[in-house]
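Read through the structure below, which is laid out as structure tokens, and then see the notes.
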Amino acid sequence: MSTRAALRSRASLFWVMGSLIAGASVSEGTLSNATLGVLRELWTQTGGQHWSRCQWTPDRDPCSPPWGQPQWSPPADDDGDGWEASVCFVCNTAASPAALLAIDLTGNSLVGNVPDGIGQLTSLQYLGLATNQLTGGVPGTLGALTALTQLLLFDNYLTGTIPESLGNLTALTRLGLGNNQLTGAIPAWLGNLTTLTNLELHNNRLTGAIPESLGRLSALTKLALYYNQLAGTIPSSLGNLVGLTQLGCDYNHLTGTIPESFSNLTALTFLGLANNQLTGAIPESLGRLTRMTVLELDNNQLTGPIPESINKLTALGVLALSHNELSGTIPELGNLKALTFLGLNYNQLTGEVPESIGNLTALTQLALDFNHLTGPIPESLGNLTALTGLRLSNNQLNGSIPESIGNLTALTILAVGNNQLSGPIPVTLGNLTALYFLGLGFNQLSGAIPESIGNLTALEALALYSNRLSGAIPDSLGSLTGMTQLALNINRLTGTIPESLGNLTALEELSISDNQLTGAIPESFGNLTTLRELFLTNNQITGTIPDSFRNLRQLVILGLQNNNLSDALLEPPPILLAFQGQLSVNMSGNHIATVGPMFSNCTSRSGDLTIDLSNNSIGNSFLESSLASATQCASSLTLDLSYNNITSVQFSHVASYTLRYCELYPCPHIQIMDVSVDVSHNPIEHFTAEHLQVQDTSDNSPFCVASSTDSITLDLSQSTRTFVTQTSPRCITLRGIRRPMER
């Protein structure tokens, strides 16, 4: 069990109740009618008919087996989770009447409120109602149970404040109220419960400051205050708790510095102060806490260097200092042979990665990313064969990726992107068959992509973008059938796109743009039915969109701009017949000269459609043949035809739309209610609107309104000649559009 789990654990009932029974016989003793009445109330009020582990009913003697006689089995750990006894009660039958010493209904499916009547059971020494679904407040009547040594109410849904009456429980050794919904401040009177060894108030909604009085709890070994809303500074008085082994104050709003007095806590094994707003330096004196196994100070605002004294904490297994403002170099940490987690990422550390980190052979996670580290990646990191995560990205590391990284066969994450690494990708990376993320992007890597990458069959994301990689895309990448993200963009790759990439049927994002790829788009891409984003831009791709693209119903973005696609687009692109919800297709900057009925054969208005055909050579009357059926394909259409050779713009048989003349100069773009069309920067000579019912509302500025609520706005800015002709008697001829162009 982890140290943090131990901090949140419940007591082992095996030991507590065993000690109670040592001096008490459990037999056919008789409890008083008043005590039996309280137990009946408890059963009734907490849904006793649905109790699970302990299935006692009020018609049975609670002091008789199996409910009154534990069937012991050793706990699996100090949570006591291995204890499966059906016992609910421990009685002292030597007394007359018998005395009820313990109630354990932990994990018993209790619901409802904790009955006030429990406060009448003044002989109780142990009350365990934890891990149920209890609601309401903590009864103030519990303050009458002055013999109580353990009060365990954690893992419920209790609300309200901590009752002041609990200050009477001066025999308490454990108070477990964690994992509820308690509010208000931590009472100062808790400092009077000087026999407490465990104080668990974590995971509530407690506010205010940590009381100085807690420093009087000299017997305390565990203090759990994490996951609350506590504010203010950490009291220096906590440094008096020299027997403390676990201190958790993380996930609060604490401010100020880490008290120097913590250097007195030489028994401490766990210190959790993460996710607060602490400032100042990490005290050098923490190096005295040589029993420490977990030190979590991450997600604060700590400054200054990492103390050299940390290297003295030879028992340390977890060192988490990430997400601070720490500066300076990484100190010598080679003595921390027990370290399994080293998190120094998201700081301002400089200098080189120490070679001595390669001595920490127990490491499973090494996170140094998002710093200002320089120099090479140490060859010695290849010694860390237990490593599962290696994060060095977003630094200024240079040199090559060491071949020795191929020794780390347990790695699942290798992230070294956004550095200044150069040289080839080591072939030995093909040994890392457990990898599910490989991030090498934003470097200066060169050479070919190794065929051995195809061995990484567990890979889910491969990021090689923004390098200087050359050669062909290996066919072997088609073996990575579990991959969801593949980014090879912004390199110098040549050749054709392998058909084998069509095997990657789990892909959601594929980017191979900004290379020098040639040939056609593989027909096999139609197999990528989970694909949402496909970027092939800025290559030398020829041909047309494959017919198989009609299968890509999840596609949202298709980037084909700046290629050598066919000069004719005579049929509707198959993707337009498939999309559902939202689709953006960019085919700008190709050599398309002829466009046919792009929107024909659509059967339903599927969603929002954006098509960019700008910067081509389109010269036919595009809108005449296509726009009338556009809204059969999409409920919303954005169409960019700017920077082409269109000379005639025609709207026909679209009487459901309103044609608006834009009074702004220059007009920003066309707007048709749900349809936006940009034909700016074309040599337009004719604009014809047929079969539109329109009316002129202005003497000086033509303004057309149809009878429907839909609207069309046409941007003719930067066009050469613009005037309107029409032949239908149902339409009014609009003239005078030339004037705004001449301003």
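Fair warning: this is a prediction, and the values are worked out from it, not measured in the lab.
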Please evaluate residues Gln396 and Thr374 with respect to the criterion side chain to side chain donor-acceptor pair (under 3.5 Å), reporting the C-alpha separation (whole Å), side-chain torsions for both, the decisive distance (0.1 Å), and the verdict.
CA-CA 5 Å; Gln396 299 163 28; Thr374 54; over 6 Å; no
Nearest heavy-atom approach of Ile473 to Ile512 is CD1-CG2, 4.2 Å
Steps toward side chain to side chain donor-acceptor pair (under 3.5 Å) verdict (Ser404, Glu379):
CA-CA 6 Å; Ser404 63; Glu379 188 79 31; 3.1 Å; yes
Please check this pair: side chain of Asp250 against backbone of Leu273, looking for a donor-acceptor N/O pair closer than 3.5 Å.
no
Validation row: Asn515, Ile490 side chains within 4.5 angstrom (heavy atoms):
no
Taking every non-hydrogen atom, the tightest pair across Ile377 and Pro402
O-CG, 3.4 Å
Can you see whether Gln348 engages Ser327 through a side-chain donor-acceptor pair at a distance of less than 3.5 angstrom?
no
Side-chain H-bond candidate by donor/acceptor type, Asn275 with Tyr251, under 3.5 Å:
yes
For Leu440, does its backbone N or O pair with a side-chain atom of Asn467 as donor and acceptor, under 3.5 Å?
yes
Do Asn276 and Thr255 make a side-chain contact, defined as non-hydrogen atoms from C-beta onward lying under 4.5 Å apart?
no
With no hydrogens and no angle check, is any side-chain donor or acceptor of Asn180 less than 3.5 Å from a backbone partner on Gly178?
yes
Give me the one residue out of Leu408, Leu435, Thr412, Leu366 that meets side chain to side chain contact (heavy atoms under 4.5 Å, CB included) with Thr388.
Thr412
Exam field: side chain Thr314 to backbone Asn335, donor-acceptor pair closer than 3.5 Å:
no
Backbone N/O of Glu451 and side chain of Ser476: donor-acceptor pair under 3.5 Å:
yes
Nearest heavy-atom approach of Asn228 to Arg205 is OD1-N, 3.3 Å
Between Ser309 and Glu284 (side chain of the first, backbone of the second, donor and acceptor by atom type, cut-off under 3.5 Å), is there such a pair?
yes
Atom pair CZ (Arg288) and CZ (Phe262), whose distance is rounded to the nearest 0.5 Å
14.0 Å
Modelled atom types, side-chain donor and acceptor of Asn179 and Asn203, under 3.5 Å:
yes
The reported gap from CG in Asn539 to CG in Asn564 (rounded to nearest 0.5 angstrom) is 9.5 Å
Is there a donor-acceptor pair closer than 3.5 Å between any side-chain N or O of Asn491 and the backbone N or O of Leu464?
yes
How about Ile405 and Leu414: do any of their side-chain heavy atoms sit closer than 4.5 Å?
yes
Pairwise side-chain contact, Glu460 with Phe437, heavy-atom cut-off 4.5 Å (strictly under):
no
Any chance you could lay out the side-chain contact (heavy atoms from CB on, under 4.5 Å) test for Thr433 and Thr409, step after step, and finish with the verdict?
CA-CA 7 Å; Thr433 54; Thr409 54; 5.9 Å; no
Is there a side-chain contact between Leu278 and Ile234 (heavy atoms, below 4.5 Å)?
yes
About how many Å separate CG of Leu429 and CD1 of Ile401, when rounded to the nearest 0.5 Å?
6.0 Å
Does one side chain, of Ser356 or Glu332, offer a donor that lies under 3.5 Å from an acceptor on the other?
yes
All heavy atoms of Asn347 vs all of Glu325, minimum pair found to be OD1-N, 3.3 Å
Note, Phe370 side chain near His323 side chain (heavy atom, < 4.5 Å):
no
Close side-chain approach of Val353 and Leu368, heavy atoms under 4.5 Å:
yes
Pair Leu342, Gln365 - check side-chain contact (heavy atoms from CB on, under 4.5 Å), show working.
CA-CA 6 Å; Leu342 177 57; Gln365 292 287 332; over 6 Å; no
Please enumerate all residues that pass side-chain hydrogen bond (donor to acceptor under 3.5 Å, both in side chains) together with Asn562, with sequence neighbours excluded.
Asn538
Under 3.5 Å, is there a donor on one side chain and an acceptor on the other for Glu355 and Ser380?
yes
Are Leu326 and Ile282 close enough, and set up right, to give a side-chain contact (heavy atoms from CB on, under 4.5 Å), and what steps lead you there?
CA-CA 9 Å; Leu326 300 173; Ile282 300 173; 4.1 Å; yes
Okay, side chain of Thr496, backbone of Thr518: is any donor-acceptor separation there less than 3.5 Å?
no
Distance in Å, Leu271 CG paired with Leu265 CG, rounded so as to fall on 0.5 Å steps
8.0 Å
Would you say Thr245 and Leu268 make side-chain contact, with heavy atoms under 4.5 Å?
no
Derivation of the side-chain contact (heavy atoms from CB on, under 4.5 Å) call for Leu223 and Leu244
CA-CA 8 Å; Leu223 176 57; Leu244 206 61; 4.2 Å; yes
Could you tell me whether a side-chain N or O of Thr530 sits under 3.5 Å from a main-chain N or O of Thr505, the two making a donor and an acceptor?
yes
Under 3.5 Å, side chain of Thr364 to main-chain N/O of Thr340, donor-acceptor pair present?
yes
Distance-minimising heavy-atom pair for Ile497 and Phe525
CG2-CZ, 3.6 Å
How many angstroms lie between OG in Ser548 and CG in Asn527, if you round to the nearest 0.5 Å?
7.0 Å
Residue from Asn419, Asn345, Leu349, Asn418 passing side chain to side chain contact (heavy atoms under 4.5 Å, CB included) with Asn395
Asn419
Interatomic distance, Leu486 atom CG to Ser511 atom OG [nearest 0.5 angstrom]:
8.5 Å
Looking at Asn252 and Tyr227, what are the two nearest heavy atoms and their distance?
ND2-N, 4.1 Å
